Visitor: 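Have a look at this one.
Note that the structure is a prediction, hence the values are computed from the model and not measured. As the structure lists them, so they are numbered: ligands from 1, and atoms in each ligand from 1. Values below: all heavy atoms of this structure, side chains included; hydrogens, waters and symmetry mates excluded.
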Amino acid sequence: MLNLSYFLLFGSTLVFADLLGIPTVPFKTASDKTFDLSSIRTIAVDPQFVSARDDNGWTLIPPTLKEFADIFAEDLKQSTTPHVTVQECGVEANGIFLTISNDTKFTDAAGRFTSEGYKIDVSDHGINITGASPLGVWWGTRTVLQQAILHNGKLSLGSGVDSPGWNTRGIFLDAGRHYYPPSFLVEMCSWISFWKQNTFHLHLSDNLYNNVDIYDRERQLDLYARFRLWSDDPAVAGLNKHRNESYTREDFDYIQSSCASRGVTVIPEIEAPGHALVISQWKPELGLDGALDLLNISYPETIPAMQSIWKTFLPWFHSKTVHIGADEYADADLSTYELAEAYNKFVNAMNEYISAESGKEMRIWGTYPPQSNYTNNIAKNVTIQHWEFFEDNPLFDYINSGISVINSDDGFYMVQKYSESYPQQLNRTRIFHGNPAGGPFAPNIFDTKNATNNPPRDSRFVPGHIAAQWNDYGYNTSTYLEAYYEWRDLLPALADKQWGGTLEEKDYDELFASLQPKAPAQNLDRTIPSKSSTILKYDFQNQVKSRGQIKDLSENNYNGQTNCSLSNQAFQFQKQCKVSTPLTSKGMNYTLSFTLKQTSPQPGPLFTGPDSELRSGNGSSSAIMLVSGGNAFALNYSLPVGKWVDAKLIGRGNQTFFAVDGGDEMEFKTRIGINGLYTRWTRMAIVAPLQTIGGGSWEGLVKSVELVDYA
Ligand SMILES: *[C@@H]1O[C@H](CO)[C@@H](O)[C@H](O)[C@H]1NC(C)=O
Ligand SMILES: *[C@@H]1O[C@H](CO)[C@@H](O)[C@H](O)[C@H]1NC(C)=O
Ligand SMILES: *[C@@H]1O[C@H](CO)[C@@H](O)[C@H](O)[C@H]1NC(C)=O
Ligand SMILES: *[C@@H]1O[C@H](CO)[C@@H](O)[C@H](O)[C@H]1NC(C)=O
Ligand SMILES: *[C@@H]1O[C@H](CO)[C@@H](O)[C@H](O)[C@H]1NC(C)=O
Ligand SMILES: *[C@@H]1O[C@H](CO)[C@@H](O)[C@H](O)[C@H]1NC(C)=O
Ligand SMILES: *[C@@H]1O[C@H](CO)[C@@H](O)[C@H](O)[C@H]1NC(C)=O
Ligand SMILES: *[C@@H]1O[C@H](CO)[C@@H](O)[C@H](O)[C@H]1NC(C)=O
Ligand SMILES: *[C@@H]1O[C@H](CO)[C@@H](O)[C@H](O)[C@H]1NC(C)=O
Ligand SMILES: *[C@@H]1O[C@H](CO)[C@@H](O)[C@H](O)[C@H]1NC(C)=O
Ligand SMILES: *[C@@H]1O[C@H](CO)[C@@H](O)[C@H](O)[C@H]1NC(C)=O
Ligand SMILES: *[C@@H]1O[C@H](CO)[C@@H](O)[C@H](O)[C@H]1NC(C)=O
C-alpha cells in the first residue's frame, strides 16, 4: 500500500495521510486548518452510553464510558487542556464528544468486528470520538492525547477510522523469579496503555533453574522458588512462605482494576507441571523424584492439588482467560511419548476444571504439539502461546487445524541483565523490518527468517503478540525499575506493530522523544521537574536562621524540613534525626553530591527513598551500599570515621557509581548466579534516594547536598 503522507495536497478532496503517533492512525485530512484543544472546557459523554461497558474484551471488569472519560479528562488536564470537565450531554461547541456506534464497520486484521475500534472526527468546532465500545473510545482518547502533545494542542481537521488488527497486544513479565510491587505493575499498565497495548501477562510462580546434574534433593528443596499470591485459605496453607513479596487479594484487585481502568487486562499465570518447584517444596510427594521442579502428573494427588490451588485463586482473577504455564515439561527418565500423553491429560483435566469452575478459557505455552498416535490431544479451545520453534510450529501444528496461537516467539524475548541466549533490549531492526516476506513485524510473523512458517495476516487463529521478559537468574539480578528500562526505548515501536500501525523507523525516535515524557499516570523514569539542571541544593552552612526549615538554593523551591540540630555550620545527625525533602527518587542520569563527616562506626542509612537506600554499613558490614528491591549492592569501600569527605552518588546510563574526594569512581554491581555453575558480576542502574537524609542510626555531620540531572 502506498504511504501518501508525502503527498499532502489540500483542496476540495480529502487527503489520506496517517497521523504520526505511536501507533500511527489512519486519517483523512480535510484542510490545513487545526482545532485547538487547549481552550476547550467540556468532554461531553453521550447520555445514552454513560454506563455502557465493553463485553468483548479480555477483562471482566470493563470500565464504563463515563469512567474512561473521567480518566481522559485527568490526562488532558496534566498535558494540554487545564480546564476541562466531563459532562453527560450531547455535542457542545468547542468540546470533545464521546459516543458509541456501530455505523462504521470496525474490523480486525481477519475482518471480524472489534470492539476496540473507533472513529475520530475533528472539525473547527470540536472533536467526536465514536467507539465501537467504551474501550474503542478509550483508544481514541489516546490518539487525541498523543496528537495534542505532539502539536501543542492543535489537531488537524479531518477524520479517521482506526482499529487494532489483533485483540491481544502487550507484555509478559516474569514476576515468579523476581518480585515486583503492585505500584510498579500499575505504572507499567499506565505506560503500555498510552501505546494502546491491552494485555499484561503476569507470571506468578516459578523457580531458579533446577540443575539436577549438581543439585541433590536437599538443595532442590531449598532452591529459590516462589508463589506470589497470598491467601489465608487453608487449602493453600504453606504454599507461599514469603508474605512480604506477595500479592494479597486486595493487592491483586488493586493491580487488576487500576490496569483495567486504562484498558489493560492482567492475564495471570500459575505455572505447572514444569517450573513448579514451589509446589513440590510445599508437597514434596508431588514432585518427580530427582527433578522436583517437574510435578509427577501420574501421581494421583497431583491434579487434585493443582485444582485446589486454582479453586482458591480463580475467584481473584478478573480476566476471561487464565494461563496454567505448562511450559518445558521434559525429563530424561521417561520417553517423550509417555510424558506427552500424561501432559496432555493434565492440560485437559485443568482445562475442564477451570471451565467448569469459572467459565474461563485457558492458555498454555507451546510444549507438545498434537500427534496422531496420542490417545489424548489437547482440547482445541486451549490457546497455545508459542515461544520457540524447537517446541512447536504454530502454523503447521495448530493454526492449520483451527487452534489459536498467541505469538510470543523468542525473537522478542529478553532476559534480565545477562543471558547466553537472549538480549537485554528489543531488536529494533526486527520490529521495523521483521517480516521475512518484506515489511515490518506483525503478530502473524512467528518466524522472522522463513516466511513459509507464517500464517497470512488475516488468519483467524492469531489473537496477537505478547513480548516476554524473563528473570532466569532470579531475584538479585535487577531492581524493579530495571524491568522497565529493558522495554523503555523500543516497546512503543513494537506496540505499533502489535496494533497494525504503519510507523516507519525514520520517524520513531523523534515521536518517542516527544511522547515518552508525557505518558500519563506514571513516572517510571523518575524525572523531577526542574527549572535548570540543578534540581536541589541544600547548603547547611547557611541555615543558621531558619532552624526546622531548609531552603533549597536551586530555583525549584524544594525546601526541606528537619529536626536535627546545627553544630559548627553543619547538621548533626544523631538520635534518629532526619532531613525530609519533598522529593522521592531521581532516575538516570544524576549526580548526588554531599559533604559529610561520619562521627561513629554505627551503620545506618544516609539517604532513603521509596525505590532505594544509600547506606553506610549494615549489621556487621561497614561498606557503602545501595539497597533496592530487597537486595543490597555493596562497594568494597567504607567511609572513614572523623574525617570530612566529598562524596558523589552517580547514576549514568545503566550503571551506578560512588566517588569520594575526586577519586576513581567505584561501581555498584551485582553478582548473579548462573544455574549453580558460576557467578557473574553485572551492572546495576539504581535511582537516587532523596526522600530522607539520615533518620536512622547513622551518626555524623552533613554540610551540603546537591542534586543535578547529569552524570
Ligand atoms: C456493536 O456490534 C457488536 C457486535 O455485533 C455488539 O456486541 C455491540 O453491542 C454493538 N454495539 C452497539 C452500540 O450497538
Ligand atoms: C459530532 O457528532 C454530532 C452528533 O452526531 C454531529 O452533529 C457533529 O457534526 C459531529 N462533529 C464532527 C466534527 O463530526
Ligand atoms: C510418579 O508417580 C507414580 C504413581 O504414584 C509412581 O509410580 C512413580 O514412581 C512416580 N515417578 C517418579 C519419577 O517419581
Ligand atoms: C473447552 O473444551 C473443554 C473440552 O471440550 C470443555 O470442557 C470446556 O468447557 C471448554 N471451555 C470453555 C471455556 O468453553
Ligand atoms: C508417534 O508418531 C510420531 C510421528 O507422528 C513418531 O515420531 C513417534 O515415534 C510415534 N510414537 C509412538 C510411541 O508410536
Ligand atoms: C535483529 O533482527 C534482525 C532481523 O531479524 C537480525 O538479522 C539481527 O541478527 C538481529 N540482531 C541481533 C543483535 O540479534
Ligand atoms: C522453511 O519452513 C518450511 C516449513 O516449515 C520448511 O519446510 C523449510 O525447510 C524451511 N526453510 C528453511 C530454509 O529453513
Ligand atoms: C526526629 O523525628 C523523628 C520522626 O520523624 C523521630 O523518630 C526522631 O526521634 C526525631 N529526632 C529528634 C532528635 O528529635
Ligand atoms: C522480604 O523479606 C526477606 C526476608 O526477611 C528479605 O530478605 C527481603 O529482602 C524482603 N523483600 C523485600 C522486597 O523487602
Ligand atoms: C545518560 O548518560 C549516558 C552515558 O553518558 C548517555 O548515553 C545517555 O544518553 C544519558 N541519558 C540521558 C537520559 O541523558
Ligand atoms: C547497558 O550496558 C551494556 C553493557 O555494559 C551495554 O552494552 C548497553 O549498550 C547498555 N545499554 C544502554 C541502553 O545503555
Ligand atoms: C545472587 O543469587 C545467586 C543465586 O542465584 C547467588 O549465587 C549470589 O551469590 C547472589 N548474589 C549476591 C550478591 O548475593
Visitor: Is His125 close to ligand 2, meaning an N/O of one under 3.5 Å from an N/O of the other?
Guide: no
Visitor: Whether Arg488 engages the ring of Trp195 as a cation-pi pair (distance to the six-membered ring centre under 6.0 angstrom, angle to the ring normal within 45°) should be assessed.
Guide: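 Cation-pi check for Arg488 and Trp195: fails.
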Visitor: Of all the atoms in ligand 2, which lie at a distance below 4.0 Å from a heavy atom belonging to Val91?
Guide: 2 (O), 3 (C), 4 (C)
Visitor: Which atoms of ligand 2 have any heavy atom of Asn128 under 4.0 Å away?
Guide: 1 (C), 2 (O), 3 (C), 8 (C), 10 (C), 11 (N), 12 (C), 14 (O)
Visitor: Mind telling me whether Trp387 and Phe390 have parallel, tilted or perpendicular rings, with 30° and 60° as the class edges?
Guide: perpendicular
Visitor: Out of all atoms in ligand 2, which are within 4.0 Å of some heavy atom of Ser123? Include the element for each.
Guide: 13 (C)
Visitor: Any chance you could measure Ile406, atom CD1, to Gln385, atom CD, to the nearest 0.5 Å?
Guide: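 Between atom CD1 of Ile406 and atom CD of Gln385 there are 5.0 Å.
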Visitor: Please tell me whether Tyr209 and Tyr473 form a close aromatic pair, meaning their ring centres lie under 6.0 Å apart.
Guide: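 No, they do not, as the ring centres are separated by 6.0 Å or more.
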Visitor: In terms of ring plane angle, is the pair Phe172 and Trp470 parallel, tilted or perpendicular, where the classes change at 30° and 60°?
Guide: tilted
Visitor: What part of Asp121, side chain, backbone, both or neither, has a heavy atom within less than 4.0 angstrom of ligand 2?
Guide: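 The answer is both, backbone and side chain.
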Visitor: Less than 3.5 Å apart, N/O on ligand 8 and N/O on the protein: could you list those pairs with the distances?
Guide:
| unit_1 | atom_1 | unit_2 | atom_2 | d |
| --- | --- | --- | --- | --- |
| ligand 8 | 2 (O) | Asn563 | ND2 | 2.2 |
| ligand 8 | 5 (O) | Lys578 | NZ | 3.3 |
| ligand 8 | 11 (N) | Asn563 | ND2 | 3.1 |
| ligand 8 | 11 (N) | Lys575 | O | 3.4 |
| ligand 8 | 14 (O) | Asn563 | ND2 | 3.3 |

Visitor: State the atoms of ligand 6, each with its element, that fall below the 4.0 Å cut-off from a heavy-atom position in Asn427.
Guide: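 Once the distances to Asn427 are compared, the set is 1 (C), 2 (O), 3 (C), 8 (C), 10 (C), 11 (N), 12 (C), 14 (O).
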Visitor: Is the Phe441 ring parallel, tilted or perpendicular to the His465 ring (thresholds 30°, 60°)?
Guide: perpendicular
Visitor: For the atom pair CD (Gln598) and CG (Leu639), what is the distance rounded to the nearest 0.5 Å?
Guide: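 One finds 5.0 Å between CD of Gln598 and CG of Leu639.
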Visitor: Quick one: does NZ or CZ of Lys196 land under 6.0 Å from the six-membered ring centre of Trp139, within 45 degrees of the ring axis?
Guide: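 Output no; distance or angle outside limits.
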Visitor: Could you check whether Arg142 makes a cation-pi contact with Trp138, meaning its NZ or CZ is under 6.0 Å from the centre of the six-membered ring and within 45° of the ring axis?
Guide: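 Yes.
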